[in-house]
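Before any comments, here is the structure.
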Number of protein chains: 2
Amino acid sequence: MAGKLSKIKLNDYQPLREVIFNTLRDAIIMGELKPGERIMEVHLAEKMGVSRTPVRESIRKLELEGLVTMVPRKGTFVSTLSPKDIMDVLEIRASLDALATSLAAKRIKDTELKELDNVHIQFVNYIEKGNLQGIIKKDVEFHEIIYRSSRNDRLIQISSSLREQVQRYRVVYLKGYSNTAEILDEHDRIIKAISSGDSKSAAIIAEEHIKNQEKAIISTVNKSKT
Amino acid sequence: MAGKLSKIKLNDYQPLREVIFNTLRDAIIMGELKPGERIMEVHLAEKMGVSRTPVRESIRKLELEGLVTMVPRKGTFVSTLSPKDIMDVLEIRASLDALATSLAAKRIKDTELKELDNVHIQFVNYIEKGNLQGIIKKDVEFHEIIYRSSRNDRLIQISSSLREQVQRYRVVYLKGYSNTAEILDEHDRIIKAISSGDSKSAAIIAEEHIKNQEKAIISTVNKSKT
DNA sequence: ACAATGTCTTTTGTATATAATGTACTCATT
DNA sequence: AATGAGTACATTATATACAAAAGACATTGT
């Protein structure tokens, strides 16, 4: 059991900068820190009861993730998120989701397939109950399992960063999901394609799935313009 | 002329951490810092004549780019780069290059098309002369123009980070290019597809182009095993 | 009244100091 | 001789101190 213990301890310790990084990232994604809002090191450090150093290090990482924008000797701001930005992200995600799903169709294990089924069932449940938090959670899990099953670590990493961006946009501008029925149906078809090992159609459906999101967002943007 | 002066000054100023970040990144990509090699803050700071702070901040960013690996309270090491890692990267690049090239076929401007032609001509020249440095440079430029023409900023950013990884692998393990004739032919066909606006075949050719690189690398790996 | 300049404040950029942790080595004990 | 505790050393993690730059505002000259 020593292995387990040491592993637990390893997961246990987190440097302050990691804690702060996660806190800030979540705050930005969940819209608590709004696009364009200024981030001041001293202020944050005081608020969290730490010194500026770990705060600074966290901000550097957020910068590379694109969540904040730094202007040298001026300050740091929460990145703005234009419709063009989110279109760019979705354009990429369409490709990468297609890739991940087709890889998953080839490489998924039985246990993962079962997980996928379970998560989907819970997803359907939450939709029926109208539980938005639950819906979001299970939607994220659904795609996470697929990405994990692709057996491509870097793909997992990149796509989760992209997913964050979309999530952020959704929270800040859309404030929720729409067309859940359609999403549900697409998830159904994705599961079928993966479980039958049909990587070609898995890719096609996954790509459509994202493109439909694009359309939904475009229509919302246009609506808010008029 | 005041505008020009102030503009120059603006571009001129780079925080130390940026300079260090770039220096270290290049050193890793060019194989001067070898995979697994340890990176010590004090040591680097002394060597570059600065304090530890900007060095640390640079390392944080390198970590997020995946070029170094940190173990809390132990130290930082140049990331190792297994064949599996590089296969993962190429798998993604195949998709993203296909995407970028198909987008470029739709969105490229005449001036960029001319640039592309020019770079390709220079590329051919360098191949004939056997100038390896030149070949690499023009190959990079070729793909950079295509990515730029995709008009998708995030795609540009992600793919250039992936390209760095491949480049690093090439330098560290392969120490050069092979099958230049094939690459040349593929670039030719990519230009044709883009200039005729044929996004479908542009995507297909670009994907093949990367997959051929995969094959080349796989065969080299297998060769070095025996 | 308006523009230019200077100074004052705020905030970031960099350096250094202190604390905590991991590693390696020595020495004693079995 | 092998193992384990203890200790010294190396290195990172965090905090604080100091320097430099940018922005705001007031003051002064025209």
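In what follows, every chain begins at residue 1, and chains take the letters A, B, ... in the order their sequences are listed.
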Sugar-phosphate or base contact per nucleotide [nucleotides 8-16 of chain C; S, B, -; heavy atom under 4.0 Å]: ---SBBBBB
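Rounding to the nearest 0.5 Å gives a distance of 10.0 Å between NZ of A:K137 and CG of A:N131. One finds the OG1 atom of A:T101 at 5.0 Å from the CD1 atom of A:I146 (value rounded to the nearest 0.5 Å).
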Kindly give the atom pairs (protein nitrogen or oxygen, nucleotide nitrogen or oxygen) under 3.5 Å for nucleotides 6-9 of chain D.
none

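Side chain to side chain, A:S95 and B:S95 fail the donor-acceptor criterion of an N or O pair below 3.5 Å.
Partners of A:R56 according to the side chain to side chain donor-acceptor pair (under 3.5 Å) rule, which considers only residues two or more places apart in sequence or in another chain, are A:E41, B:E57.
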Walk me through whether A:D97 and A:Y147 qualify under side-chain hydrogen bond (donor to acceptor under 3.5 Å, both in side chains). CA-CA 8 Å; A:D97 257 49; A:Y147 271 101; 2.2 Å; yes
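Using a 4.5 Å heavy-atom cutoff, the side chains of A:T76 and A:R38 are not in contact.
Remark: A:K61 is positioned above the aromatic ring of A:F21, its terminal NZ or CZ atom under 6.0 angstrom from the ring centre and at most 45 degrees off the axis.
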